[in-house]
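Notes follow once the structure below has been shown.
Both counts, for ligands and for their atoms, begin at 1 and track the order of listing.
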Amino acid sequence: NLCFCLPTGFCVGEYILPEGPVDVILGKDVTLKVLYKKQDGDIFIWIYSDGKDTSNVAVLRPDGSFSVGKAYKGRASINTTNGYLTLKSLKSEDSGDYDLTIVAANTLSGAIKVRVLEPVTDVVIKSDLPGAIKHNSTVVLTCSSKGSHLTFTWLNKTKPIVIDGDRITKEDSQDGLSSKLTIRDVLRYDLSQIVCTSANTLEKQDSAPFNLTVNYGPEDVILTPSLIAEYVPSKSNFNLTCSASSSPSATFTWFHDEKDIQATGPVLTLKVIEEKGFGKNPADYKCVAENAKTKRFVTSNVVRFSVMEPISGVSITGPSDILIAGNSSANISCQEKAGKVLERVWLKDGKTLSPSTRIIFSSDKSSIFIKTLQKEDNGNYTCQLSNTVSKENAHFKMVVNYGPETFEVTGKKEVELGDNLDLRCSVQSVPPAKIIWKINGTVIPNETKEVLSLKDAKYKDSGIYTCEASNAVTGKNATSSSTLSVKEEIEEGLSDGAIAGIVIACLVAVGAAIGLFFYCRQKVPMSSPY
Ligand SMILES: *[C@@H]1O[C@H](CO)[C@@H](O)[C@H](O)[C@H]1NC(C)=O
Ligand SMILES: *[C@@H]1O[C@H](CO)[C@@H](O)[C@H](O)[C@H]1NC(C)=O
Ligand SMILES: *[C@@H]1O[C@H](CO)[C@@H](O)[C@H](O)[C@H]1NC(C)=O
Ligand SMILES: *[C@@H]1O[C@H](CO)[C@@H](O)[C@H](O)[C@H]1NC(C)=O
Ligand SMILES: *[C@@H]1O[C@H](CO)[C@@H](O)[C@H](O)[C@H]1NC(C)=O
Ligand SMILES: *[C@@H]1O[C@H](CO)[C@@H](O)[C@H](O)[C@H]1NC(C)=O
């Protein structure tokens, strides 16, 4: 704002008005302020200029009254205190320069621009491509709006779109009423929710969020599980799943060794594979994802496997008749109802059983034959059938009757009078042997256990103890004996000889006493009859 005074004393551009422009919304009021402090007697002259023509707006007279130009009747007024000009209900034609001339000690003059802005409305985004667009194509979005002196900004959701001048460019129209956003090589997420904001200095308005579907893909076409064991158990809930990122969603087709197997959908179940008769042999499986809109199709990774039926219904059969060691033989066989058996293992009591001269395995190992059963063949037999996807067992308990054998009576041979002792008849037998105890060949009643207990041994307990064991199944029996003698205690009592000595001595003493009596009787002087 330059201020200079002409030689006439007429000064121009003194700071009597603030810097413009003053923006006002159409229909609203505006008050133009004055920086100069009004003195009594000053004259204020407000004149409008549209650049070509001028018209008087209002004049404040020295007496403090003001008059309004014809065109401004009822709309313009001057505040008599400070000279401010107020205009009501602005019309677009009110845009222009407002000159103020103040006639005071010096004559001052200034001007301010007023812009009447149309309200911002009708902010709309349009696309040059109808409907969904292809990934990688170029799209031009146009945002138009009503209003004046507008500026446009583009947002993706709430974040301003970065106009990089290369992939994304922006160009505003000459008339200032629209803005063009050009996006090359459209990315998937470029156009999720675009908003255009149209604004002037006083107000702004957002467009409705604009969604443009970008068709893309299929990409990242993945078949899972990607790692599969060589064999998959038949009838399990195994399935293959194909996924892809694609818009619109991809459709899938499935291939078995390069051949379309007429199965669709993202999941190929084992059920379908088996129903179509596949799986018996190893084969490659893959899926192809297709996007109908982009007309692209992409092949997944390949997985290879075959289907194996798990083993089931395993049963074991052994001899049902009574088996006798040394006489019977046994055939144990193991069968499965379903499944392909890759390995057969026989176990006895949990340990691997191997063929021997006595134990013969059939060529397919489905049965074992034991030629002459021995007592050692008693036990639990297990057949274990397995393939890659399963392992099944069956058990058979074999009872081989034998015995009685390895047989003896153990216990002390000599005990002292009053001692306790146990005699044990140890015998091996299946089924357990029936036991009888005898002394000197006479059955001891109610003694049928392996252990015979004697309490407080007496002389009469001495003798030959015999255990007789019999096995009703094998028809075998066995006996074993042990001699027991019950003796007098030595430390505390007298020996047999001493006892005899005492007896003899007593007898001698008694005999002597009797002799002495008669001797004495002869010798004792009595009243003699002589
Ligand atoms: C004129 O301006 C003065 C001071 O700013 C103010 O107090 C007064 O109310 C105004 N008068 C009118 C009629 O607006
Ligand atoms: C997208 O275009 C670029 C070059 O413009 C190209 O290299 C790329 O392969 C295209 N991508 C797709 C998915 O079409
Ligand atoms: C645009 O997408 C957003 C979110 O996906 C949704 O809320 C909105 O309703 C969509 N607008 C139109 C016009 O489809
Ligand atoms: C042994 O087998 C033979 C022939 O099979 C039979 O005659 C005999 O009775 C059997 N012996 C026993 C103890 O079972
Ligand atoms: C054992 O039994 C199986 C099944 O019953 C049979 O196939 C096999 O021939 C038999 N083996 C012998 C040695 O008897
Ligand atoms: C058994 O015989 C022995 C020797 O012949 C004899 O001393 C013992 O008293 C007999 N015991 C019984 C209980 O008969």
Take the angle between the ring planes of Tyr285 and Phe305 and call it parallel below 30°, perpendicular above 60°, tilted in between.
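If you compare the ring of Tyr285 with that of Phe305, the planes turn out parallel.
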Parallel, tilted or perpendicular: which fits the ring planes of Phe44 and Tyr36, with parallel below 30° and perpendicular above 60°?
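It falls in the tilted class, 30° to 60°.
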Who's the nearest protein heavy-atom neighbour of [atom], and how far?
{"atom": "atom 3 (C) of ligand 1", "value": "Asn79 ND2, 3.6 Å"}
{"atom": "atom 1 (C) of ligand 5", "value": "Asn331 ND2, 1.4 Å"}
{"atom": "atom 2 (O) of ligand 6", "value": "Asn440 ND2, 2.5 Å"}

Quick one: does Ile78's side chain get under 4.5 Å of Trp46's, heavy atoms only?
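When only atoms from C-beta onward are counted, Trp46 and Ile78 do touch, with a gap below 4.5 Å.
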Is any side-chain heavy atom of Gln335 closer than 4.5 Å to one of Ile316?
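They are not in contact (no side-chain heavy atoms under 4.5 Å apart), so the answer is no.
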Within a distance under 4.0 Å of any heavy atom of Ser462, pick out the atoms of ligand 6 and give their elements.
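In order of number, 8 (C), 10 (C), 11 (N).
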Any protein heavy atom sitting closer than 4.0 Å to [atom]?
{"atom": "atom 5 (O) of ligand 6", "result": "no"}
{"atom": "atom 9 (O) of ligand 5", "result": "no"}
{"atom": "atom 14 (O) of ligand 5", "result": "yes"}

Kindly confirm or rule out an N or O of Thr81 lying under 3.5 angstrom from an N or O of ligand 1.
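No, no N or O pair falls under 3.5 Å.
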Can you confirm whether more than 12 heavy atoms, excluding those of Lys88, are under 6.0 Å from its NZ atom?
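12 or below, so no.
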Are a donor atom and an acceptor atom from the side chains of Ser429 and Asn471 found within less than 3.5 Å of each other?
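Yes, because at least one side-chain N or O of Ser429 sits under 3.5 Å from a partner of the opposite role on Asn471.
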Consider every N or O of Ser333 and every N or O of ligand 5, then say whether any pair is closer than 3.5 Å.
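No - when backbone and side-chain N and O of Ser333 are compared with those of ligand 5, no distance drops under 3.5 Å.
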Please find the pair of heavy atoms, one from Ile311 and one from Glu392, that lie closest to each other, and give the distance.
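Distance-wise, the nearest heavy atoms are O-CG, 3.3 Å.
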Is Thr86 touching ligand 1 with its side chain, its backbone, both, or neither, if touching means heavy atoms under 4.0 Å apart?
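Under 4.0 Å from ligand 1, Thr86 contributes no heavy atoms.
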